[in-house]
Every structure is written in structure tokens, then in C-alpha cells.
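Here is the structure we will look at, set down as C-alpha cells.
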Amino acid sequence: MMLLELDIPHEIRFVDIYAQPHVLLDDVVPFVDVNPKNAVPALRLDTGEVHTEIGVILQYIVDLKSHSSLLPRPGTQERYRVMEWLSYVGSDVHKTIGPLFHPHMPEVAKDIHRQNLHRRLSYIEAQLADRPYLTGENFTVADAYLFVMIGWAPYFKFDLTPYPNLSAFHARIASRPSFDLLMQGIAPALGRMRLPVFSGTTSP
Ligand SMILES: N[C@@H](CCC(=O)N[C@@H](CS)C(=O)NCC(=O)O)C(=O)O
């Protein structure tokens, strides 16, 4: 989505993370050959160099352009605010959601993760009371990261209705042309992905 926002030429490759080891969808080669950490995303440059870690990949992509409102310039206080959110979304939100996808995680353990997620989303909900985006008026890479995390809610049985500001935040970002473009681009592959299917949702 950020590559599309910035009109940066790229090629998307899909990874089946429900296969062990994970495989590249079109090649059926082990994804660990690309990223030895066996986790998506990975960004391979024309030089062959590979970047991993969402918070870093997002900053790398925007820094390719000399200036964009998606990320303040390095060294500014505003940049550190965005990095602070990237870190919070990565460590406290993303890593709480991951276990909720695990097919063999006992419900009692999932409940603990859901309660932790509820505490964190409640904090974010309060932050979004007086601003459209995490750091203020501008949509940044941190918002894009959180957007993807809460977009998974139906898949991990989590009801976002008790978080109206977060729900509005999600709708705001979903209306961006880059999201539409992204969905068009990934639609053919989505049909071939083995996504978890749950019925119903659980309130926090
Ligand atoms: N620290 C990594 C974590 C990325 C991550 O958790 N990716 C998940 C998908 S959202 C994944 O690939 N999980 C598969 C696995 O760990 O086996 C990052 O920030 O990029």
C-alpha cells in the first residue's frame, strides 16, 4: 500500500504462511531462502539485498522519496513520534494478535491475549478521540501498519464495534485510492490463499 501511495515500481510476491516452512505461492520454494526469519514481509531490492521487519521496511520505502507526508524527515521530533507508534503497533498490538490465529492455541490462552489486546486498543481508541490519525492530522506509515492489524479482526474473531474511533479510523484509511488499488492487485492471489475462516466474533 505504501509503494502504491508513493508510486514506486514494485512486484508483489505472495507467501503461504500456513505452509511449514512457508512457501512462495508461485514458486513453491521455501520462503526461508528469501527471509531466514521465515516471516513476512520481506523487501528485496534490485541489488538483491533483502530488508525485513515491518517498521524498518516502511521507513525505507518512504525514505526512497525525498519528502512525503507519510513520514516526517529523519531527526525531527515528528519522526520519532511515528517511530514510537511503529514500535507500539509492532510489539504490543501485532504480537498480541498473532497467537489468536493459532489453530491449536487453547481458548483460555486466547482470552488472555484478547484482554491484552483490548487494553492496548482502548489506549489507541482514546488517542484517536481528537485526531484522525495516530500522530495527528497526517496519515503516516504507522497508521498503515495499524490499519492492517485491525483489518484482520474478522479473521481472529474480534469485534471492533466497542471502538468507534478505531472503526472510523479503519474506514478512513480503507477509502484511500491506494487501498483500492492494492485490493485489485492482490484479489487474484487471495482466492488461492488458505485464509483461516471463523464464524462469529467475540467481544473483548
Ligand atoms: N518482526 C517481524 C514480524 C512479522 C510477522 O509477525 N509476520 C507474520 C505474519 S503477520 C508471519 O510471517 N508469521 C509467520 C511465522 O512467524 O511463522 C516484522 O516486524 O516484520
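Order of listing sets the numbers, starting from 1, for every ligand and every atom in it.
- Results of the side-chain hydrogen bond (donor to acceptor under 3.5 Å, both in side chains) test with Asn116 over His113, Arg119, Arg120 single out Arg119 as the only residue that passes.
- With values rounded to the nearest 0.5 angstrom, Met105 atom CE is found 10.0 Å from Ile112 atom CD1.
- Each of Ile17, His22, Asn38, Ala39, Val40, Pro41, Glu53, Ile54, His94, Lys95, Trp152 has a non-hydrogen atom positioned under 4.0 Å from some atom of ligand 1.
- In terms of modelled atom types and a separation under 3.5 Å, the side chain of Arg131 and the main chain of Leu134 share a donor-acceptor contact.
- Ring orientation note: the planes of Tyr88 and Tyr123 are nearly perpendicular, at an angle over 60° on the 30°/60° scale.
- Note: Phe158 and Trp152 fail the aromatic proximity criterion, with ring centroids not under 6.0 Å apart.
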Given the rule in the salt bridge (charged side-chain N to carboxylate O under 4.0 Å, His left out) test, do Asp27 and Arg13 qualify, once you have shown the distances and angles that lead to the verdict? CA-CA 10 Å; Asp27 290 354; Arg13 304 295 301 276; 2.8 Å; yes

